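Model, not experiment: these values are computed from the prediction. Counting starts at 1 for both ligands and their atoms, in listed order. The residues of the chain are indexed from 1 along the displayed sequence.
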Amino acid sequence: MNLSLKKVSALGLCSGGLDSMLSGMVLRKQGIKVQWVTFETPFFSSEKAEQASKTTGIPLMVKNITPIYLKMLTDPHCGYGKHMNPCMDCHALMFNLAGKIMKEKGFDFLFSGEVLGQRPMSQTMNSLRYVEKQSGFDGYILRPLSAKRLSETIPEQQGMVNRELLMDISGRSRKPQIKLAKEYGIKNYPSPAGGCLLTDKGYALRLKDLFDHQDAYAERELHLLKHGRHLRLDNTTKIIVGRTQKDNEDIKKYYDPNLDTMIKVKKIPGPIVLMPNDGSKDVRVLAASIGVGYSKAPEITPVEVLVTTPKGRETVRVIGVPPKEIKHFLIQ
Ligand code: SF4
């Protein structure tokens, strides 16, 4: 037995998908001690990675990276993909952060489940090279599933990894991974797509609106973008109107009474209207009318609306504005 191989340890980026799982299994099979890290922001969660860790028994660290991620997201070097997804700079940042953990905790190298040619933008040979160079850990990033199609990494050159036992998968077909999953006895894994809100058209539009109108934003404002209808009323004010009971509950979770205004029609079923960071008196009245328009209140009838601002509560009487008349406010 080669004792030096037993000491090798690798830190992988884990998205929780099948490719992440397989990359860890392939390395583990050759005696390497593997661990994962997964990063969380309001745009993607650690849920799938936690499930993958349970399925495979590979230990997982979860790190919230929202502040540093936002800095990159507002001005990514390589720009965005189809929506607000800065995939290349996102990968480079994640490998940079993982690399720092690698150094701090004494891992020998980094790895991920990326497969050459699987995604048109972020997994071409050029993109993989870009990520390696920008990460600050060039040579230390191993992609076990495509390794035989890529240049030898430092851990391979130094004999820490047996290149012969790595894979040569490339392209968009999932067949080789499904075959490998059977070999490793992995039965439950999520579908490859989804999981990142930056690739979602509606979310991306709301995020772009936020970036266009604010220089700074709290994490809760990024969570709020997931729920309800969003209406921009002026340059400094927008409102969020619940569409369903679930929306109303989710919106309330991120309501900050010290900063936001909450508007609710009295005695008549209707949505929660949240105005993050408050607004002027006139805009609050407009928001109250919009809330009435989405409620079950009778048309052209003044109704009472409770407006709770950071400074106090007041009741205003307004007539509803029908939703079809405020379409131009909708961020969509
Ligand atoms: S889809 Fe989202 S999480 Fe994945 S690389 Fe792109 S920006 Fe990052």
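In summary, no N, O or S atom of Cys90 is located under 2.8 Å from atom 2 (Fe) of ligand 1.
Of the candidates Leu205, Leu225, Leu224, Leu225 is the only one forming a side-chain contact (heavy atoms from CB on, under 4.5 Å) with Leu210.
Between Phe211 and Tyr217, the ring center distance clears the sub-6.0 Å criterion.
Heavy-atom contacts of Phe44 reach the following atoms of ligand 1: 3 (S) (cutoff under 4.0 Å). Each of the following atoms of ligand 1 lies closer than 4.0 Å to a heavy atom of Tyr69: 7 (S), 8 (Fe).
Looking only at heavy atoms of the protein, atom 2 (Fe) of ligand 1 is closest to Cys196 SG, 2.4 Å. Cys87 SG, 2.4 Å is the protein heavy atom nearest to atom 6 (Fe) of ligand 1.
Enclosure of atom CD in Glu47 is not indicated, since only 12 or fewer non-hydrogen atoms of other residues, nucleotides or ligands lie within 6.0 angstrom. For His77, the NE2 atom sits in a loose shell: 12 or fewer heavy atoms of surrounding residues, nucleotides or ligands are nearer than 6.0 Å.
Glu114 is listed as a side-chain neighbour of His91, based on a closest heavy-atom distance under 4.5 Å.
Distances from atom 8 (Fe) of ligand 1 to the protein include at least one heavy-atom value under 4.0 Å.
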